[in-house]
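Structure first, commentary second.
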Number of protein chains: 2
Amino acid sequence: MTRTVYEKTDVIPLVAEALRDLGYEGASFSRITERTALGKGSLYHFFPGGKEEMAAEVLAHVDAWFATNVFRPLEEDEPQAAIAHMLTAVDDYFRSGQRICLVGSFALDATRDRFVGAIQRYFVRWISALCGALKRTGKDADTAKHLAEDAVLAIQGALVLTRATMDNALFSRALKRIAISLGVPSAIKTQRRQTKT
Amino acid sequence: MTRTVYEKTDVIPLVAEALRDLGYEGASFSRITERTALGKGSLYHFFPGGKEEMAAEVLAHVDAWFATNVFRPLEEDEPQAAIAHMLTAVDDYFRSGQRICLVGSFALDATRDRFVGAIQRYFVRWISALCGALKRTGKDADTAKHLAEDAVLAIQGALVLTRATMDNALFSRALKRIAISLGVPSAIKTQRRQTKT
DNA sequence: GTCTATACAGTGATAGAC
DNA sequence: GTCTATCACTGTATAGAC
């Protein structure tokens with residue numbers, strides 16, 4: 001029997017993927033074990049607080065990723081470039097719609113109430129970071145606010161629809177339209193046809 | 001002890017609300033009983049197939065509501081009016097963002113795989129009905145397709161964000177922008193301020 | 001159509017051996 | 001850091017009395 005030894009840094013992404021796919025309620029220890037090959041012993045070793053602690057740390061991990069790769073650039077870097085970078089980062093992170101947003105999925109059911117703070121902070125910061133960047137490109141406050149809100153909302157909606165319709169191209173199509181509305185039309189490349197020329 | 005007697009017609013909306021709030025995995029019989037005051041006996045009487053049958057019937061019920069109030073009007077009525085009507089119907093149905101979309105929430109986790117067909121049909125029909133109506137207003141096929149996709153996706157995203165940010169006005173704001181993009185700007189009324197004049 | 005009792009598998013959680 | 005055994009409890013499901 002092969003026995004793999006992990007560190008916490010390795011464990012969180014594995015658990016995150018299980019929670020993302022199964023949802024908080026659907027993610028039982030046995031199912032997490034199936035997907036991650038981490039036994040109950042290991043799981044409780046890393047997360048003595050059980051499932052709730054697991055989910056809290058996973059949320060923090062997601063938030064940290066977005067803070068580094070999306071929020072901070074939007075808040076501090078040259079806005080045009082940061083907005084374009086947000087779109088490619090989002091496309092990568094959500095694997096062009098094949099992966100869903102863990103935070104968004106937690107928001108939809110009663111799980112939200114366990115993690116209200118983290119969930120609220122994530123989206124509020126995303127919208128206001130994007131709004132700030134848009135203002136720095138010269139948009140007025142009102143326009144910036146609603147463009148930012150619409151962009152984040154469209155990303156979430158596109159993730160829902162991609163999974164629901166099984167139309168894998170939907171997410172990229174939506175992202176391209178978001179790019180246009182945010183004034184960075186070239187940020188998302190048109191999917192190239194597989195032709196021989 | 002008060003003993004209420006139900007018919008199936010009364011039962012489905014109750015169960016639907018429980019599933020909507022708790023999600024498929026989160027909705028255990030004991031929790032459904034808490035919310036609906038329907039005992040396990042009654043539940044199994046109406047849905048001999050257990051939870052899976054409950055959810056399937058609830059999905060069919062939601063789909064029927066949308067078919068009558070949204071899809072068919074879009075497919076058959078005067079397009080401008082049908083689109084405007086869709087927006088007010090959606091605003092009412094989702095209680096201005098206080099209620100989520102059961103079909104969308106099922107799409108996000110592993111529950112989707114149990115009900116792929118129903119979930120896919122719901123969204124595909126919604127988008128194509130709206131797309132058809134837009135074409136009848138004179139839009140070209142491409143524009144109609146992407147406007148329809150964006151509108152449905154924005155509704156789903158707005159539901160996620162409203163619950164996540166706890167900003168109850170977000171949904172109405174988003175709906176108003178959707179109304180504008182669909183060419184029926186007056187469909188959603190601006191929320192009136194409570195002033196004395 | 002509803003209630004109660006009961007089944008038995010799966011749940012989150014703990015303790016201790018390795 | 002991982003494994004196994006075991007805990008009390010909740011899960012879905014069934015049967016039969018009312």
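Reckoned from all heavy atoms, side chains included, excluding hydrogens, waters and symmetry mates. All values reported here derive from a predicted model rather than from experimental measurement. Naming convention: chains lettered A, B, ... in sequence-line order (proteins, then strands); numbering from 1 in each chain.
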### Task
Starting from P on dG1(D), measure out to NZ on K8(A) and report it in whole angstrom.
11 Å
#### Entry: d(CD, E53(B); C1', dT12(D)) in whole Å
14 Å
### Message
Measure CG/L38(A) against P/dT2(D) and give the value in whole Å, please.
### Response
7 Å
### Query
Any side-chain N or O of H45(A) under 4.0 Å from OP1/OP2 of dT2(D)?
no
### Lys/Arg N to Asp/Glu carboxylate O, E52(A) vs R114(A), below 4.0 Å
yes
### Task
Check the distance between dT2(D)'s P and D10(A)'s CG and give it to me in whole angstrom.
10 Å
### Query
According to the ring pair (Phe, Tyr, Trp, His ring centres under 6.0 Å) rule, which pairs have a member within residues 14-38 of chain A, sequence neighbours left out?
Y24(A)-F115(A), F29(A)-Y44(A)
### Task
Decide yes or no for W65(A) and V70(A): does some side-chain heavy atom of the first lie under 4.5 Å from some side-chain heavy atom of the second?
yes
### Transitive ILVMFWY side-chain link L59(B) to L22(B), under 4.5 Å
no
### Message
Any salt bridge linking R125(B) with D63(B)? Criterion: basic side-chain nitrogen under 4.0 Å from a carboxylate oxygen.
### Response
no
### Query
For residues 153-164 of chain B, which residue pairs qualify under side-chain hydrogen bond (donor to acceptor under 3.5 Å, both in side chains), counting only residues two or more places apart or in two chains?
none
Under 3.5 Å, which protein N or O atoms sit close to an N or O of nucleotides 11-18 of chain C? Give each pair with its distance.
{"residue": "dT11(C)", "atom": "OP1", "partner": "S28(A)", "partner atom": "OG", "Å": "3.0"}
{"residue": "dT11(C)", "atom": "OP2", "partner": "S30(A)", "partner atom": "OG", "Å": "2.9"}
{"residue": "dG12(C)", "atom": "OP1", "partner": "K51(A)", "partner atom": "NZ", "Å": "3.3"}
{"residue": "dG12(C)", "atom": "OP2", "partner": "F29(A)", "partner atom": "N", "Å": "2.7"}
{"residue": "dA13(C)", "atom": "OP2", "partner": "Y44(A)", "partner atom": "OH", "Å": "2.8"}
{"residue": "dA13(C)", "atom": "OP2", "partner": "K51(A)", "partner atom": "N", "Å": "3.4"}
{"residue": "dA13(C)", "atom": "O5'", "partner": "Y44(A)", "partner atom": "OH", "Å": "3.1"}
{"residue": "dA13(C)", "atom": "N6", "partner": "K40(A)", "partner atom": "NZ", "Å": "2.9"}

